[in-house]
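Structure first, then comments.
Position 1 is the first residue of the sequence, and the numbers go up from there.
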Amino acid sequence: DFGTELAEAVSRGRREEFGRFAAFADQTARARIPDPNALSTFLASRLRWEERDTPPHNAWLAEVRRLLALRRRILAPLLSGEPSAGRFQCDGETLRVEWMLGNEAGRRPRKRLHLLAHFGARSIAGVAPPPGDAVHSVGIEADGAASLRLLRGAVYLTLEEAA
């Protein structure tokens, strides 16, 4: 619903943004990115609710519901109070992020939420786990007593008491 000038700027900006990724380094590849302002892009991105009870859609819907319940039960109570910026570290194709969470000062212990994610095409071994108790994991295998093997697309969330 943008005017012509803004719509063109949004489309151009989307293609330039994707240009930072190796798969879209080529101008031809960026030209194939769907136009965010096109009706066809909107229609292709809409949920087809009639598919929600058939594989693999039903499994994906169950996972999204489980993650939303996890957010409601564990994270939402920690989101009130003073917000704080997170810290991140990239090591090759692995990302670590840490956020300090907690309620108003003195009312509840603050906690740290840790995210470990692997975006590489191949799995990697010998990765130190983030501190805290596991909250959610996908694509994680034990690799010895104190390290992890991260499969392609691995995500590991932990929550620890902050000092």
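- We find the CG-CZ distance between Asp26 and Arg32 to be 7.5 Å, quoted to the nearest 0.5 Å.
- Looking at every heavy atom in both residues, Pro130 comes nearest to Tyr156 through CD-CD2, 3.4 Å.
- The CD atom of Glu141 sits 6.5 Å away from atom CZ of Arg149, with the distance rounded to the nearest 0.5 Å.
- Under a hydrophobic-cluster definition in which Ile, Leu, Val, Met, Phe, Trp and Tyr are linked whenever side-chain heavy atoms come within less than 4.5 Å, directly or via other members, Val135 and Leu115 are assigned to the same cluster.
- Put simply, the side chain of Asn37 gets close to the backbone of Ala7: a donor and an acceptor are under 3.5 Å apart.
- The backbone N or O of Trp49 lies less than 3.5 Å from a partner atom in the side chain of Arg52, making a donor-acceptor pair.
- Going from atom OG1 of Thr158 over to atom CG of Asp133 covers 8.0 Å, rounded to the nearest 0.5 Å.
- For the pair Thr54 (side chain) and Glu51 (backbone), a donor-acceptor distance under 3.5 Å is present.
- In this structure, CZ on Arg65 lies 16.0 Å from CG on Leu70, to the nearest 0.5 angstrom.
- A pairwise comparison of heavy atoms in Arg72 and Ala76 identifies O-CB, 3.6 Å as the closest pair.
- Side-chain N or O atoms of Thr41 include one that pairs as donor or acceptor with a backbone N or O of Asp35 at under 3.5 Å.
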- So Glu17 and Arg14, salt bridge (Lys or Arg N to Asp or Glu O under 4.0 Å) or not? Walk me through it. CA-CA 5 Å; Glu17 181 181 341; Arg14 172 74 52 88; 5.1 Å; no
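- Between the CD1 atom in Ile74 and the CG atom in Leu78 there is a gap of 9.0 Å [rounded to 0.5 Å].
- By the 6.0 Å contact criterion, CD on Glu5 is open, its count of non-hydrogen atoms from other residues, nucleotides or ligands being 12 or less.
- Taking hydrophobic clusters as Ile, Leu, Val, Met, Phe, Trp and Tyr residues chained together by side-chain heavy-atom distances below 4.5 Å, Ile124 shares a cluster with Leu116.
- Here the shortest heavy-atom pairing between Pro129 and Ser147 reads CD-CA, 4.2 Å.
- In this structure, Val155 is a member of the same hydrophobic cluster as Leu67, with clusters built from ILVMFWY side-chain heavy atoms closer than 4.5 Å.
- Across every non-hydrogen atom of Ala23 and Ala29, the tightest pair is O-CB, 3.5 Å.
- Hydrophobic clustering of Ile, Leu, Val, Met, Phe, Trp and Tyr side chains at less than 4.5 Å, counting indirect connections, unites Leu79 with Leu157.
- Rounded to the nearest 0.5 angstrom, Leu150 CG and Asp143 CG are separated by 9.0 Å.
- In Arg66, the CZ atom is crowded: over 12 heavy atoms of neighbouring residues, nucleotides or ligands sit closer than 6.0 Å.
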Under 3.5 Å, which donor-acceptor pairs do the side chains of residues 90-101 form with other protein atoms, sequence neighbours left out?
unit_1, atom_1, unit_2, atom_2, d
Thr94, OG1, His118, ND1, 3.3
Arg96, NH1, Ala128, O, 3.3
Arg96, NH2, Ala128, O, 2.4
Glu98, OE1, Arg87, NH2, 3.1
Glu98, OE2, Arg87, NH2, 2.9
Glu98, OE2, Arg112, NE, 3.4

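- Looking at Arg30, its side chain never comes within 3.5 Å of a backbone N or O of Phe18 through a donor-acceptor pair.
- Hydrophobic cluster membership is shared by Leu159 and Phe88, with clusters built from Ile, Leu, Val, Met, Phe, Trp and Tyr side chains linked at under 4.5 angstrom.
- For Pro55 against Asn58, the heavy-atom pair with the smallest separation is CA-OD1, 3.3 Å.
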- Query: Checking salt bridge (Lys or Arg N to Asp or Glu O under 4.0 Å) for the pair Lys111/Glu160: CA distance, chi angles, key distance, verdict?
  - Reply: CA-CA 6 Å; Lys111 297 187 180 200; Glu160 75 167 325; over 6 Å; no
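- Not counting sequence neighbours, Phe2 has no partner by the ring-ring contact (aromatic ring centres under 6.0 Å, His included) test.
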